[in-house]
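Scroll down for the structure; my scribbles are underneath it.
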Amino acid sequence: MEQQKTESLNFIEQLIEQDLKEGKFSAIQTRFPPEPNGYLHIGHAKSICLNFGLAEKYKGRCNLRFDDTNPEKEETEYVESIKTDVRWLGYDWGDHEFYASDYFQDLYEMAVRLISKGVAYVDELSAEEFNVLKGTPTEPGKESPYRNRAIQENIDLFDKMKSGVYQNGERVLRAKIDMSSPNMQLRDPILYRIKHMEHHRTGSKWCIYPTYDFAHGQSDSMEQVTHSLCTLEFEVHRPLYEWLLAQLEIYPSKQTEFARLNLSYTIVSKRNLRELVEGGHVLGWDDPRMPTISGIRRRGFTATSIRKFAESVGVARRNGLTDVALLEHAVREDLNKNAPRIFGIMNPVKLIITNWPEEKEEIMKAENNPEDENAGSRALPFTRELYIDSSDFMEDPPSPSKWFRLGPDREVRLKKAYIIKCSGFKKDQEGRILEIYAEYDPATRSGQDTSGKKVKGTLGWVSVPHAVHAEVRLYDRLFLTENLNKISDDFKNHLNPNSLQTNTNVVVEPSVRTASVGNQFQFERIGYFRVDEDSTAERIIFNRTITLKDTWGKKMN
RNA sequence: UGGCCUAUGGUGUAACUGGCAACACGUCUGAUUUUGGUUCAGAAGAGUCUAGGUUCGAGCCCUAGUAGGCCAACCA
């Protein structure tokens, strides 16, 4: 008797399974529709995982469609970065790479059809007049005096718009729906506007460009998208989306909205992220502190962990605030299983094993990952002079029974090597520890310990003559405020001044000499690190992805 | 003086669509551990926004209220 746990479905999956059951179509078709006007961020990752994930799960397809209807903001550079990011997340759109701009001709013809049906017209109101007549959410709008032109006149005017007779803003094509609708989106929305401007793909072929509302739904329809998933703000656009498809009598794609991702201590708004980049608050779109996909990738978050995160966040229709701890947990889980361990010393201090011969060198064997038997092992040279972390030594710990690390007369194990006993130390005038002295117990060699000794503390170490000097960039959250949606002042006031701390004094075991950009490690007892692209042949640079959990440190505060 | 959406432990989601609320993260114990990591065992924590109603029975349905979100770009 096997008990089958029925997997719980989110509301979109329920909808899909219902549709599939009713035989509405043979397979689902989704799409991820970014506007190429900036870099993708963690919020987009949620949408990517949703759309591509659903297609995978239900054996359908997901198109990558660039929503490039506004030549003012869009650039090819962004198209490339978006493709890189989606691929990095592990999704493949095959030959289903589309552009709204590919449909400009079709969309133009659709507009002419609407005009011919008498449900679209050319308006020539000034922007101010336009806004006045539009009304407000609580007051109905008024009809434009140009609303009831003859069809042929509209056709002629639209043709003139297209052929460049008018300047930007002088004419606009509007749908003729209902100026008194309580839904502002239905008050004769703009379908086409004039922009004398080069488009990144169509060049100067067009000087009129469709708006989002006129392009998005029909693009979905032309691609036979079955489920068009978007965020909650577009909810009020749905009636317009459906109106257009119905008027044009084309494939009725269905729009379904879900809540966008909000992350604590994180800003997830393209506009604000751009401001951080342009204002020099971060070093670029791929600054490891940025929640952009390129940023978190450089920081060391893995694609697996992002996908896992997206899955655990789930999808629903209520707006909330997801705890970053969920994201952090996802990376730790992945890296714990997959990142090889090495010794790295953040604040090195010399430890001298006084009963160890000057020239003697012993090779210790260390497995690369206790969580992965296949990860192999490496050789660690052990010598008389070692580096350990200054935070692992305390001359006079405040609560001695809870201090497991080194101190006068205390014993600890040097991991993968010997148990040592501290026999003394040297300080400078300011009281800083310069050197620590200890004696090792030859009977305690790792793996062949015959002493029966038990110690509570285990320290990482690096042989002084073999040490590789490195730079480490310690990243912390970019903002100090948990919920940045709830602030009334400038979000930049909430920046964490200590979001980046550079430590150029780090020392790492010699095995990292073969490491290359993108490699990820766990520095034992410290955290996960990734080799940054700023590394050079002479100098290796590590980004700290995330610390290890630290229950002891937490208790000490 | 509008319309639409939402409301479940601290957080994110679930509850086979009416049968006394589950999972994950987080928190706290304890065990194991040559990472104060991992793993393992366990605990605390909501009676499902409020008030009515329907029903033998409601987190799920109805009504009203409250709270939050979205909508007035020739942005998406």
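To find a chain, count down the sequence lines: A is the first, B the second, and so on, and within it residues start at 1.
Proximity of the aromatic rings of A/Phe523 and A/Phe529 is defined here by a centroid distance below 6.0 angstrom, and this criterion is met. The six-membered or imidazole ring of A/Phe234 lies away from that of A/Tyr241, with a centre-to-centre distance of 6.0 Å or more.
Relative to the six-membered ring of A/Trp552, A/Arg405 meets both conditions, a distance below 6.0 Å and an angle of at most 45° to the axis. Stacking of A/Arg477 on the aromatic ring of A/Tyr265 is recorded, both the 6.0 Å distance cut-off and the 45° axial limit being met.
As judged by a 4.0 angstrom heavy-atom cut-off over every strand, A/Asp213 is placed among residues making no nucleic acid contact. If you check every strand for non-hydrogen atoms under 4.0 Å, A/Leu326 touches sugar and phosphate atoms only. The residue A/Ile419 sits apart from the nucleic acid: no heavy atom pair falls under 4.0 Å. Within the nucleic acid shown, A/Tyr192 has no heavy atom closer than 4.0 Å to any nucleic acid atom. Note on A/His237: a base of the nucleic acid sits closer than 4.0 angstrom, heavy atoms only. Within the nucleic acid shown, A/Ser446 comes within 4.0 Å of at least one base atom, counting heavy atoms only. Base engagement by A/Val236 is indicated by at least one non-hydrogen atom pair under 4.0 Å involving a base atom. The residue A/Glu35 sits close only to the backbone: its heavy atoms come under 4.0 Å of sugar-phosphate atoms, none of a base. Within 4.0 Å of A/Asn183, counting heavy atoms only, lies no atom of the nucleic acid at all. At a threshold of 4.0 angstrom between heavy atoms, the contacts of A/Pro140 with the nucleic acid are absent. At the heavy-atom level, A/Arg238 lies nowhere under 4.0 Å from the strands shown. Using a 4.0 Å heavy-atom cutoff across all strands shown, A/Lys337 reaches no nucleic acid atom at all.
In this structure, the nucleotide among B/G69, B/A76, B/A14 sitting nearest to the side chain of A/Thr69 is B/A76. The listed nucleotides are B/U35, B/U34, B/A14; the one nearest the side chain of A/Gln522 is B/U35. When distances are taken from the side chain of A/Arg341 to each of B/G36, B/U35, B/G3, the shortest belongs to B/U35. Distance from the side chain of A/Pro370 is smallest to B/U35 among B/U35, B/C25, B/A14. The side chain of A/Thr138 sits closest to B/G2 out of B/C5, B/U27, B/G2. With distances taken from any side-chain atom of A/Glu371 to the nucleotides B/U38, B/C74, B/U35, the minimum falls on B/U38.
Syn is the classification of B/U17, since its glycosidic angle stays within 90° of 0.
A search for side chain to side chain contact (heavy atoms under 4.5 Å, CB included) contacts involving A/Glu311 returns nothing, not counting sequence neighbours.
Regarding contacts with the backbone of B/C75, a side-chain N or O of A/Asn70 is found under 4.0 angstrom from either OP1 or OP2. Between A/Arg193 and B/A76, a side-chain N or O to OP1/OP2 separation shorter than 4.0 Å is present. Proximity of A/Gln14 to the phosphate of B/A15: a side-chain N or O atom is located under 4.0 Å from OP1 or OP2. Distances shorter than 4.0 Å separate none of the side-chain N or O atoms of A/Lys402 from OP1 or OP2 on B/G36. Taking 4.0 angstrom as the limit, A/Ser8 places none of its side-chain polar atoms (N or O) nearer than this to OP1 or OP2 of B/A22.
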* Can you run through RNA chain B from 5' to 3' and write each base as (, ), [, ], | or . depending on how it pairs? Watson-Crick or G-U wobble, both distances under 3.5 Å. => .((((((..((((........)))).(((((.......))))).....(((((.......))))))))))).....
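A perpendicular orientation is assigned to the rings of A/Phe158 and A/Tyr192, their planes being inclined by more than 60° (bins at 30° and 60°). The aromatic rings of A/Tyr99 and A/Phe66 lie parallel to each other, with less than 30° between the two planes, well short of the 60° mark.
The residues A/Lys308 and A/Asp334 are annotated as not salt-bridged, no charged nitrogen and carboxylate oxygen being separated by less than 4.0 angstrom.
If you check distances only, the side chain of A/Thr458 never reaches the base of B/U35 with a donor-acceptor pair under 3.5 Å. Residue side chain A/Arg525 does not reach the base of B/U35 through any donor-acceptor N/O pair under 3.5 Å, judged by distance alone.
Using P as the reference atom, B/C40 and B/C23 are 15 Å apart when rounded to the nearest Å.
Regarding A/Glu13, its CD atom lies at a distance of 16 Å from the C1' atom of B/U17, rounded to whole Å.
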